Amino acid sequence: MFDYVIVGAGLAGCVMAERIAAVSDKKVLIIEKRNHIGGNCYDYYDENGILIHKYGPHIFHTNLKHIWEYLSQFTDWYEYQHKVLGFIDGKKVPIPFNLNTLHELLPESLAEKLEEKLIDKFSFNTKIPILELKKSEDKDFKLLADFVYEKVFLNYTKKQWGVKPEELDSSVTERVPIHISRDNRYFQDKYQGIPKNGYHKLFEKMLKNPNIKLMLNTNFKEVIKIIDNKIYLLEKEFKGKLIFTGQIDELFNYEFGELPYRSLKFKSETIDKKYFQEVGTVNYPNNYEFTRITEFKHLTGQKQEKTNIIKEYPEIYNKEKNIPYYPIPKKENKNLYAKYLKNKKKINNLIIVGRLAEYKYYNMDLVVNEVFTKFKENILNE
Ligand code: FAD
Ligand code: UDP
């Protein structure tokens, strides 16, 4: 009855379903264990009509024109450029650390000298990862790097990941490099925005195709089994393809042990005033147990009388208790993942895609791009 079965109705699962249904005109079943579509991008309107990202702030940003155009078929955009402040030494200053941050936190003469030297060495409008600047031999750059490392990165990273920045792949802190510019935006991508009527509406539109059937509240283990490298759907051998967007270790019954993930707890509060803070997100590297506070009205441009904020409290991941929001990028985890991937290769009809299944710290745009690639390679010409 189905040509394809997809596990997970997150971004990866929904885009894959849409491509299969619309381009290949084939039948697809999506199995999702939560009670909603959209995975971690899901949003909803609260009792005051405020649009809230249930699993933390999701700002869409990309330089890939074809991805932007593809998603624009399913939504209009609220044109939003994300701004983040960091609460440091009693002040709220621009993050990523840039020339404005430098002048706000350091004495003027020192800031001026450092600005001149930074522009001279790296030139204006360039980005330098903190762990790279830390290796500098120049004593002024070393002083600056130690300062930024201590004030911005060290304690935030210890809270978020439970380890120091240098214990993770450098790609983690490279997401937020020092920016030698006066541009206070968090991202510089060409295309940025928030779906005007919410991510949930975007996903609903994607799945609105008679070729797509959706099964919510169902763990794939209840309906799918893999025995001797063959796929069974409701006890019958399934000859179509299985697209898996969940955790690869779960798929293979934790055969080589559990892959580590990091989780979060989100605490949402309604506040009886128009705005709570100056910008979309304020980071608290050195204070409190939460890492950041996001106020959604800044992201969506809504004009309600009340406002809503979410605080993010990082947690150890436990498969019985919480959600695996982040893969933990470091060498030993990649090695363990590689063992699982070898297993996958034994099953011809299995396609692995998405942030969990590929164990990659993907932003949304790269998830969509990855789905496009896998669709083209494995499905389009069938
Ligand atoms: P998911 O959204 O995790 O979807 C996987 C789906 O599979 C889930 O719905 C899950 O319930 C389901 N599933 C898992 N196991 C099973 C099972 N056993 N049976 C059935 N179903 C199962 N990206 C950006 O570009 N910009 C941002 O601002 C941004 N902010 C983020 C903030 C936070 C706090 C987090 C955690 C992520 C953020 N991201 C952001 C990344 C973004 O969330 C991901 O790139 C995207 O959601 C990945 O989609 P996915 O489909 O691969 O994974
Ligand atoms: N980071 C930090 N201080 C900050 C912002 C980011 O130390 O003020 C580090 C931290 O390790 C974090 C990583 O940079 O996990 C990536 O930050 P990003 O904002 O991209 O995280 P995400 O939005 O994916 O949670």
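Remember, it's 1-based here, ligands and their atoms both numbered in the order they're listed. Values in this document were obtained by computation on a predicted structure and should not be read as measured data. Just so you know, these numbers use all the heavy atoms, side chains as well, and skip hydrogens, waters and symmetry mates.
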Would you mind listing each N/O atom of ligand 2 next to any protein N/O under 3.5 Å, plus the distance?
{"unit_1": "ligand 2", "atom_1": "3 (N)", "unit_2": "V152", "atom_2": "O", "d": "3.0"}
{"unit_1": "ligand 2", "atom_1": "7 (O)", "unit_2": "V152", "atom_2": "O", "d": "3.4"}
{"unit_1": "ligand 2", "atom_1": "7 (O)", "unit_2": "F153", "atom_2": "O", "d": "3.3"}
{"unit_1": "ligand 2", "atom_1": "7 (O)", "unit_2": "T157", "atom_2": "OG1", "d": "3.2"}
{"unit_1": "ligand 2", "atom_1": "8 (O)", "unit_2": "N283", "atom_2": "ND2", "d": "3.0"}
{"unit_1": "ligand 2", "atom_1": "11 (O)", "unit_2": "T157", "atom_2": "OG1", "d": "2.9"}
{"unit_1": "ligand 2", "atom_1": "11 (O)", "unit_2": "W161", "atom_2": "NE1", "d": "3.4"}
{"unit_1": "ligand 2", "atom_1": "15 (O)", "unit_2": "W161", "atom_2": "NE1", "d": "2.8"}
{"unit_1": "ligand 2", "atom_1": "19 (O)", "unit_2": "Y186", "atom_2": "OH", "d": "2.5"}
{"unit_1": "ligand 2", "atom_1": "20 (O)", "unit_2": "R175", "atom_2": "NE", "d": "2.8"}
{"unit_1": "ligand 2", "atom_1": "20 (O)", "unit_2": "R175", "atom_2": "NH2", "d": "3.3"}
{"unit_1": "ligand 2", "atom_1": "21 (O)", "unit_2": "Y361", "atom_2": "OH", "d": "3.2"}
{"unit_1": "ligand 2", "atom_1": "23 (O)", "unit_2": "R292", "atom_2": "NH1", "d": "3.0"}
{"unit_1": "ligand 2", "atom_1": "23 (O)", "unit_2": "R292", "atom_2": "NH2", "d": "3.4"}
{"unit_1": "ligand 2", "atom_1": "24 (O)", "unit_2": "R175", "atom_2": "NH2", "d": "3.1"}
{"unit_1": "ligand 2", "atom_1": "24 (O)", "unit_2": "Y361", "atom_2": "OH", "d": "2.5"}
{"unit_1": "ligand 2", "atom_1": "25 (O)", "unit_2": "R292", "atom_2": "NH2", "d": "3.3"}
{"unit_1": "ligand 2", "atom_1": "25 (O)", "unit_2": "Y326", "atom_2": "OH", "d": "2.5"}

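- Close approach of ligand 1 to Y326 (heavy-atom distance below 4.0 Å) involves ligand atoms 33 (C), 34 (C).
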Cut-off 3.5 Å, no hydrogens considered: what does the side-chain donor-acceptor table look like for residues 27-36, sequence neighbours left out?
{"unit_1": "K27", "atom_1": "NZ", "unit_2": "N211", "atom_2": "OD1", "d": "3.0"}
{"unit_1": "E32", "atom_1": "OE1", "unit_2": "A9", "atom_2": "N", "d": "2.7"}
{"unit_1": "E32", "atom_1": "OE2", "unit_2": "R34", "atom_2": "N", "d": "2.8"}
{"unit_1": "R34", "atom_1": "NH1", "unit_2": "G39", "atom_2": "O", "d": "3.4"}
{"unit_1": "R34", "atom_1": "NH1", "unit_2": "N40", "atom_2": "OD1", "d": "3.0"}
{"unit_1": "R34", "atom_1": "NH1", "unit_2": "Y55", "atom_2": "OH", "d": "3.4"}
{"unit_1": "R34", "atom_1": "NH2", "unit_2": "N40", "atom_2": "OD1", "d": "3.0"}
{"unit_1": "H36", "atom_1": "NE2", "unit_2": "Y55", "atom_2": "OH", "d": "2.8"}

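- Comparing I310, I59, N363 by heavy-atom distance to atom 27 (C) of ligand 1, the nearest is I59.
- Interface of Y362 with ligand 1, defined as ligand atoms under 4.0 Å from a residue heavy atom, comprises 41 (C), 44 (C), 45 (O).
- Aromatic ring centres of Y232 and F238: separated by at least 6.0 Å.
- Within ligand 1, the atoms closer than 4.0 Å to a non-hydrogen atom of I31 are 20 (C), 21 (N), numbered from 1 in the order shown.
- Ligand 1 is never approached by Y42 to a heavy-atom distance shorter than 4.0 Å.
- With ligand atoms numbered from 1 in the order given, ligand 1 contributes 50 (P), 51 (O), 52 (O) to contacts under 4.0 Å with heavy atoms of A12.
- Seen from the ring of F266, K54 does not count as a face-on cation partner, given the 6.0 Å and 45° thresholds.
- Aromatic ring pairs are classed by plane angle as parallel below 30°, tilted from 30° to 60° and perpendicular above 60°; the pair Y359 and Y261 is perpendicular.
- Ring orientation note: the planes of H82 and Y80 are tilted relative to one another, at an angle of 30° to 60°.
- Remark: distances from the non-hydrogen atoms of T218 to ligand 1 include one below 4.0 Å.
- Where the criterion is an N or O separation shorter than 3.5 Å, residue side chain and backbone included, Y325 fails it with respect to ligand 1.
- Counting heavy atoms only, H58 comes closest to atom 38 (C) of ligand 1 of the residues H58, H82, M215, Q247.
- Annotation: side-chain hydrogen bond (donor to acceptor under 3.5 Å, both in side chains) contacts involving residues 344-356, sequence neighbours excluded, comprise N343-K346.
- Only one option out of Q160, K265, E289 pairs with P314 in a side-chain contact (heavy atoms from CB on, under 4.5 Å); it is Q160.
- No donor-acceptor contact under 3.5 angstrom links the side chains of N209 and E18, judged on distance only.
- Protein heavy atom at the shortest distance from atom 4 (O) of ligand 1 is G10 CA, 3.5 Å.
- A salt bridge does not link K117 to E112: none of the charged nitrogens lies less than 4.0 Å from a carboxylate oxygen.
- Taking each of L299, T245, L264, T294 in turn, the one with a heavy atom nearest to atom 5 (C) of ligand 1 proves to be T245.
- Annotation for ligand 1: atoms under 4.0 Å from non-hydrogen atoms of C41 are 47 (O).
- If you number the atoms of ligand 1 from 1 as listed, the ones under 4.0 Å from a heavy atom of N219 come out as 17 (C), 18 (N), 19 (N).
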Output side-chain donor-acceptor pairs under 3.5 Å for residues 241-252, partner residues at least two apart or in another chain, one line each.
{"unit_1": "K241", "atom_1": "NZ", "unit_2": "N378", "atom_2": "O", "d": "2.9"}
{"unit_1": "K241", "atom_1": "NZ", "unit_2": "E382", "atom_2": "OE2", "d": "2.3"}
{"unit_1": "T245", "atom_1": "OG1", "unit_2": "V7", "atom_2": "O", "d": "2.7"}
{"unit_1": "Q247", "atom_1": "NE2", "unit_2": "Y317", "atom_2": "OH", "d": "3.3"}
{"unit_1": "D249", "atom_1": "OD2", "unit_2": "L259", "atom_2": "N", "d": "2.8"}

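- Between the side chains of E166 and Y149, at least one donor-acceptor pair of N or O atoms lies under 3.5 Å.
- Taking each of Y186, F60, Y55, Y361 in turn, the one with a heavy atom nearest to atom 34 (C) of ligand 1 proves to be Y55.
- Taking a cut-off of under 4.0 Å to the non-hydrogen atoms of G8, the atoms of ligand 1 that pass are 6 (C), 7 (O), 12 (C).
- Between D169 and K330 there is no salt bridge, since no side-chain N of the basic residue sits under 4.0 Å from a carboxylate O of the acidic one.
- The shortest N or O to N or O distance between M364 and ligand 1 is below 3.5 Å.
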Walk me through it: do K201 and E204 pass the test salt bridge (charged side-chain N to carboxylate O under 4.0 Å, His left out)? CA-CA 5 Å; K201 284 280 173 214; E204 271 171 27; 3.4 Å; yes
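- Of all atoms in ligand 1, numbered sequentially from 1 with element shown, those under 4.0 Å from a heavy atom of V367 are 45 (O), 48 (C).
- Under the 30°/60° scheme for interplanar angles, the aromatic rings of F290 and Y288 are found to lie parallel.
- Neither the backbone nor the side chain of A357 comes within contact range of ligand 1; no heavy atom lies under 4.0 Å.
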